[in-house]
Protein chains: 2
Amino acid sequence: MGKPTVHDIAKEAGVSLATVDRVLNARPGVRDKTVERVQAAVQRLGYVRDTFAANLARQRQYRFAFVLPEGESQFVGTLKAALVEATEAQMAERVSVRVVPVPASDPHSVVRALNALPVPLLDGVAIMTPETPQVRDAVARLKAAGVPVVALVSDLPNSGRDHFVGINNISAGSTAGVLMGRFIGAAHGKVLVVTNSMLARDSIERRLGFDSVMAASFPGLTVLPSIESRDDPERMVAVIRHAVAAHPDLAGVYSMGSGNRGLLQALRETGRIRDLTVIAHELTPLTRQALLDGEIDAVITQNVGHLVRSALRVLRAKCDGVGIFEAQERIRIDIVIRENLP
Amino acid sequence: MGKPTVHDIAKEAGVSLATVDRVLNARPGVRDKTVERVQAAVQRLGYVRDTFAANLARQRQYRFAFVLPEGESQFVGTLKAALVEATEAQMAERVSVRVVPVPASDPHSVVRALNALPVPLLDGVAIMTPETPQVRDAVARLKAAGVPVVALVSDLPNSGRDHFVGINNISAGSTAGVLMGRFIGAAHGKVLVVTNSMLARDSIERRLGFDSVMAASFPGLTVLPSIESRDDPERMVAVIRHAVAAHPDLAGVYSMGSGNRGLLQALRETGRIRDLTVIAHELTPLTRQALLDGEIDAVITQNVGHLVRSALRVLRAKCDGVGIFEAQERIRIDIVIRENLP
DNA sequence: AGGTTTCTGAGGTACGTCAATCAGAATGCC
DNA sequence: GGCATTCTGATTGACGTACCTCAGAAACCT
């Protein structure tokens with residue numbers, strides 16, 4: 001015989017359909033003893049709610065908002081593309097997504113945008129912004145309003161967010177460190193570390209992981225203090241030029257954040273890009289080409305497709321009050337070299 | 001207003017519901033001109049079939065069989081576990097899976113098992129077996145009977161399988177090669193390559209990729225002829241012991257297939273496991289522990305969760321006659337070191 | 001015992017699609 | 001024009017669950 005339905009449960013438990021429904025949907029008005037009887041029947045028959053039918057009957061709609069940094073970052077661009085692709089594929093499953101661009105560098109605008117979200121028309125929010133106390137408060141407000149919230153790419157701990165979809169950046173930094181040390185091979189040399197901003201949580205954590213590995217496993221390599229480009233390509237070119245000139249024994253460059261365009265351009269100018277071991281983050285058209293050209297040796301990345309699909313799955317699960325399948329939601333730290341480019 | 005339904009399409013096209021249904025489900029009995037009218041309406045309104053309702057009404061059942069090698073291989077074990085996990089998660093989506101274990105080394109039994117599949121009760125088959133002409137024929141028979149077939153892990157080209165779920169093993173070998181060369185660092189040395197069988201398609205392809213990279217990029221390193229363990233741990237121990245003794249300048253070991261237990265044990269015995277750069281395939285409890293212990297330097301793997309989920313998605317898509325979302329189904333070649341262990 | 005509150009049963013409608021029926025319209029053919 | 005054939009319309013009943021109402025049963029209080 002086929003899968004058990006609510007009717008079978010009702011018969012098995014010796015109660016009516018209405019009672020089974022009340023128990024399954026945690027509605028009030030059922031005695032504890034009866035609840036137990038129903039749950040026992042569910043167990044015995046191995047009943048699983050038919051999500052197709054349930055979603056149909058419930059007229060469920062998943063309206064999500066993705067709060068993403070505006071601007072021309074390639075990483076955010078690929079993320080958005082993946083989001084569009086994923087939502088198109090899920091349109092048949094009643095998922096609709098609205099992207100809310102925010103100026104990530106202006107905390108006030110971010111908070112204003114978060115507070116301006118049309119809460120009653122939203123079933124979930126994914127947020128990718130730097131962590132500030134005000135953002136934490138805004139997230140807490142969303143949560144209080146009953147809207148599930150996931151942090152995307154960069155975590156918002158202590159904000160009450162339901163879930164973090166992204167990688168462990170300390171591990172990512174350690175991974176970069178090991179590759180850097182082993183790829184350089186030489187016993188001695190200097191390593192340059194660049195990022196757009198050391199204020200971002202990601203960069204701090206990556207540097208932490210990177211340093212600990214370098215200190216522990218490659219004591220002969222000297223890691224220079226972080227250089228910040230502050231989202232300014234010209235500044236990047238200038239500081240790189242200076243650093244390369246100042247350290248003739250420079251062996252590697254670790255780019256922790258965005259701004260790879262300026263970095264690569266600057267390194268090309270020095271004429272030493274091929275001799276250096278260059279490791280960057282996030283696979284984008286730019287870094288992909290640099291990998292193919294042999295300018296970048298390895299990219300540490302997270303699959304944007306997984307990121308958005310995981311975020312959507314988690315938000316849906318939170319809406320349904322269902323548990324999530326942890327193993328599937330763990331975003332891996334991908335190592336990409338020319339040979340395993342996807 | 002909400003999403004358009006079949007009723008809206010009917011109104012828009014000026015036809016009845018029945019006609020819309022016939023067009024949508026490619027049933028006969030509609031004039032070409034009317035078909036076009038309906039399709040135009042679908043386009044105009046942006047109608048997308050509600051899969052929840054469709055699957056409910058259709059009483060769709062996806063009954064799949066996974067033909068997997070029997071035996072105690074850790075990789076197959078993790079694959080099975082992932083399969084169980086995935087099907088449990090999809091139970092609510094009417095997917096049921098039966099695992100059919102076959103003695104992979106005996107082509108006749110494999111073919112017998114394939115031919116014994118209860119075709120009328122099956123909606124799709126995933127097959128992970130070595131490629132032989134008889135297997136190709138059996139797959140062709142399944143296809144002829146209208147059963148979608150996907151090849152899993154190891155491809156079955158020219159068999160008419162609908163899809164291959166797995167990695168490009170030439171690239172996997174190249175990836176291993178680059179890591180081997182760069183991790184060794186030294187200009188000279190020997191590299192041992194071991195596998196259980198050089199008859200398997202995977203091993204041949206991996207060796208191909210590995211050799212081409214080593215020859216092109218690391219000419220100082222000498223790659224020794226492949227050693228086959230033939231699934232015999234004792235033989236593995238013996239040949240490893242011999243090889244290590246014969247080549248004092250051995251710098252690395254590349255394990256292309258299974259049999260890592262015997263390999264690690266043999267290498268431990270020689271006392272040189274820490275000095276050697278060891279690269280293996282497939283992340284299993286064994287290789288994971290070896291990574292943590294610093295015995296293996298890197299593992300090239302494919303995520304078993306992705307493998308089975310992709311196989312299930314593709315089979316479902318083939319059943320529904322729907323296209324697949326290529327980007328999501330491309331299985332990546334994962335590089336795992338201690339620091340980015342998932 | 002009476003009344004009040006808390007549970008439960010029975011029954012219905014709806015969700016969007018599939019699948020089937022049957023009658024009627026349009027078309028093609030001679 | 002008559003007839004057979006091919007299309008089309010209108011209608012209906014599933015599918016499994018959600019959610020609502022209303023009446024009646026059971027338990028609880030004084």
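Hydrogens, waters and symmetry mates are skipped; everything else that's a heavy atom, side chains included, is used. These numbers come from a predicted model, not from an experiment. Proteins get letters first, then strands, A, B, ... in listed order; numbering begins at 1 in each.
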- request: For B/Ser16 and for B/Leu56, find the nucleotide of DNA chain D with the closest heavy atom, then tell me which residue's nucleotide is more 5'.
  value: B/Ser16
message: Please find the pair of heavy atoms, one from A/Ala317 and one from A/Ile324, that lie closest to each other, and give the distance.
response: CB-CG2, 3.4 Å
Show the atom names and distances, to 0.1 Å, of all donor-acceptor pairs under 3.5 Å that link a side chain in residues 154-162 of chain A to residues at least two apart or in another chain.
from	atom 1	to	atom 2	distance (Å)
A/Asp155	OD1	A/Arg161	NE	2.8
A/Asp155	OD1	A/Arg161	NH2	3.3
A/Asp155	OD2	A/Arg161	NH2	3.0
A/Ser159	OG	A/Leu156	O	2.6
A/Ser159	OG	A/Arg161	N	3.2
A/Asp162	OD1	A/Lys143	NZ	2.8
A/Asp162	OD2	A/Lys143	NZ	2.8
A/Asp162	OD2	A/Val149	N	2.8

query: Among all residues two or more places apart in sequence or in another chain, which pass the side-chain hydrogen bond (donor to acceptor under 3.5 Å, both in side chains) test with A/Glu12?
result: A/Arg44
query: Mind checking whether B/Phe52 and A/Phe52 have parallel, tilted or perpendicular rings, split at 30° and 60°?
result: tilted
Whole-Å gap separating C1' (D/dA18) and NE2 (A/His7): 12 Å
task: Please assess A/Ile331 against A/Phe164 for the test side chain to side chain contact (heavy atoms under 4.5 Å, CB included), listing each intermediate value before the final yes or no.
output: CA-CA 10 Å; A/Ile331 309 297; A/Phe164 166 54; over 6 Å; no
query: How does DNA chain C look in dot-bracket form if you count Watson-Crick and G-U pairs under 3.5 Å, write [ ] for pairs that cross, and put | where a base pairs with another strand?
result: |.||||.|||||||||||||||||||||||
task: Grab the two heavy atoms, one from A/Phe75 and one from A/Leu307, that are nearest each other, plus how far apart they are.
output: CZ-CD1, 4.2 Å
message: Using a 6.0 Å cut-off, check whether atom NZ of B/Lys11 has over 12 heavy atoms from anything other than its own residue.
response: no
- request: Look at the side chain of B/Arg63 and the backbone N and O of B/Leu121, then say whether any donor-acceptor pair between them is shorter than 3.5 Å.
  value: yes
Short N/O separations, protein against nucleotides 5-7 of chain D, under 3.5 angstrom:
from	atom 1	to	atom 2	distance (Å)
D/dC7	O3'	B/Arg31	N	3.4
D/dC7	O3'	B/Arg31	NE	3.4

Where B/Leu142 and B/Ile127 come nearest, the two heavy atoms and their spacing: CD1-CD1, 4.3 Å
message: Using only atom types and a distance under 3.5 Å, with no angle test, would you say the side chain of A/Thr87 pairs donor to acceptor with the backbone of A/Val84?
response: yes
Distances for protein N or O near nucleotides 19-21 of chain D N or O, under 3.5 Å:
from	atom 1	to	atom 2	distance (Å)
D/dC19	OP2	A/Arg27	NH1	2.8

query: Would B/Asp137 and B/Val111 satisfy side chain to side chain contact (heavy atoms under 4.5 Å, CB included), going step by step from the backbone distance to the final call?
result: CA-CA 9 Å; B/Asp137 293 349; B/Val111 171; over 6 Å; no
- request: Taking heavy atoms of chain B and a 4.0 Å limit, find me the 5'-most and 3'-most nucleotide of DNA chain C within that range.
  value: C/dG16 to C/dT27
message: Under a 3.5 Å distance rule, please check whether B/Asp123 uses its side chain to pair with a backbone N or O of B/Phe64 as donor and acceptor.
response: no
- prompt: Under the 3.5 angstrom rule, does the side chain of B/Asn25 hit a backbone N or O of B/Arg27 as a donor-acceptor pair?
  reply: no
